[in-house]
Amino acid sequence: MSDQNRDGGSDEPEREEPIIRDKRKIDPETGKVREPKGEEHDLAHEELVDVGPADEDEASILSDDDLDILSGQTTADQLAAERLADLQRVTAEYANYRKRTEANREIERERAIGDAVKGLIPVLDDLERAEKHGDLTEGSAFAAIATKLRSAVERLGLTPYGEKGEPFDPQIHEAIFQQPTPEVTADTVAEVVETGYRLGSTVVRVAKVVVSTPA
């Protein structure tokens, strides 16, 4: 056995370790854009190992806005101002949507109740005529039923209107007769023939009246 073999030597030449170059433009640890180095290396005699692009999870961390900030195209203050403007716009749109929804809901509610109480108005007319004829004596069962019915429709929002002596309004009154009267200086309700009814802000039935006009 030779001295070379005894010392564990070998005739094979030593291998150079491969040079690994990370070509990713975004530093995975800091998240910053890497600046290209000014000096160029002679890669003709170097063995390069491409580590490939960053994995999908790492790439998804940075959005387009983040990349704009990192590249200097957009500042953090500008991005914050844009996000604030977007939030204010969405908030205003939602507030307007809620207002429209609540207004439409109230209109639909009044319409549904109006359809229900319209069938009760003739009954209320009969009760009013019976009261004028003295048929609703206090303490009678008929009077008690009339009181309960009137209270029920009032809870639904149905209110009567039309009083003798009030100014005539063609928007809510229907004149079935006009009589010249020297005592009045403007058109005035002289007599209510049929009571009008409102449901909230909606006129369910106009009041039919006799109108006194200036002579």
Side-chain angles (χ1 to χ4, degrees), residues 63-65 78-181 183-215:
S63 64
D64 293 339
D65 293 331
Q78 290 174 337
L79 182 60
E82 292 176 1
R83 291 293 178 267
L84 179 60
D86 292 341
L87 178 60
Q88 290 174 341
R89 187 188 71 255
V90 172
T91 302
E93 290 177 355
Y94 178 68
N96 292 334
Y97 167 76
R98 286 192 59 185
K99 290 179 181 179
R100 290 194 303 269
T101 302
E102 292 174 0
N104 292 336
R105 185 184 298 116
E106 184 63 24
I107 292 174
E108 291 299 325
R109 174 182 173 276
E110 289 186 0
R111 183 178 301 169
I113 295 177
D115 292 340
V117 298
K118 280 181 181 178
L120 297 175
I121 290 178
V123 180
L124 296 175
D125 292 338
D126 291 339
L127 293 177
E128 185 176 358
R129 283 189 285 267
E131 187 175 25
K132 288 180 179 179
H133 286 84
D135 296 332
L136 295 181
T137 57
E138 186 176 355
S140 64
F142 195 18
I145 294 173
T147 301
K148 290 181 180 180
L149 180 60
R150 287 170 174 169
S151 299
V153 296
E154 286 179 3
R155 284 195 297 270
L156 292 175
L158 186 70
T159 55
Y161 75 90
E163 297 290 339
K164 180 180 179 179
E166 67 184 11
F168 173 75
D169 184 353
Q171 299 296 327
I172 60 175
H173 297 131
E174 180 183 348
I176 61 175
F177 183 74
Q178 293 182 351
Q179 55 184 18
T181 306
E183 290 81 7
V184 299
T185 58
D187 292 347
T188 307
V189 175
E191 182 182 353
V192 179
V193 179
E194 193 173 74
T195 302
Y197 287 95
R198 290 191 184 96
L199 183 62
S201 58
T202 304
V203 176
V204 179
R205 188 182 72 179
V206 297
K208 294 180 180 181
V209 298
V210 176
V211 182
S212 295
T213 59

Taken in chain and number order and not counting sequence neighbours, the residues that satisfy side-chain hydrogen bond (donor to acceptor under 3.5 Å, both in side chains) with D126 are R129
Side chains of L158 and L124: closer than 4.5 Å at any heavy-atom pair? yes
In short, salt bridge (charged side-chain N to carboxylate O under 4.0 Å, His left out) pairs touching residues 163-177 with sequence neighbours left out are none
Here the pair of heavy atoms bringing P214 nearest to A186 is CG-N, 3.6 Å
CD of E82 to CG of L84, rounded to nearest 0.5 Å, is 11.0 Å
Contacts of P122 meeting side chain to side chain contact (heavy atoms under 4.5 Å, CB included) (sequence neighbours excluded), chain-then-number -> none
Residue pairs passing the salt bridge (charged side-chain N to carboxylate O under 4.0 Å, His left out) test with at least one member in residues 137-155, sequence neighbours excluded, are E131-R150
### Query
Do E128 and K132 have side chains that get closer than 4.5 Å, going by heavy atoms?
yes
So the ring-ring contact (aromatic ring centres under 6.0 Å, His included) pairs with at least one residue in residues 115-173 (sequence neighbours excluded) are F168-H173
Sorted by chain and residue number, the side-chain hydrogen bond (donor to acceptor under 3.5 Å, both in side chains) partners of T202 (sequence neighbours excluded) come out as E110
**Side-chain donor or acceptor of T181 paired with backbone N/O of Q179 under 3.5 Å** = yes
Salt bridge (Lys or Arg N to Asp or Glu O under 4.0 Å) filter on E108, not counting sequence neighbours, yields R111
The side chain to side chain contact (heavy atoms under 4.5 Å, CB included) partners of A80 (sequence neighbours excluded) come to none
Given the options T195, V193, V189, V209 meets side chain to side chain contact (heavy atoms under 4.5 Å, CB included) only with V189
Extract all donor-acceptor atom pairs below 3.5 Å that involve side chains of residues 88-99 and protein atoms in other chains or at least two apart in sequence.
from	atom 1	to	atom 2	distance (Å)
R89	NH1	D86	OD1	3.1
T91	OG1	L87	O	2.7
N96	ND2	A92	O	3.2

Here the pair of heavy atoms bringing G114 nearest to L199 is N-CD2, 3.3 Å
Minimal heavy-atom distance between A207 and G196, with the atoms involved, is CB-N, 3.5 Å
Residues at least two apart in sequence or cross-chain that pass side-chain hydrogen bond (donor to acceptor under 3.5 Å, both in side chains) with T188, listed by chain then number, are none
Residues 203-213 vs salt bridge (charged side-chain N to carboxylate O under 4.0 Å, His left out), sequence neighbours excluded, gives D125-R205, E194-R205, E194-K208
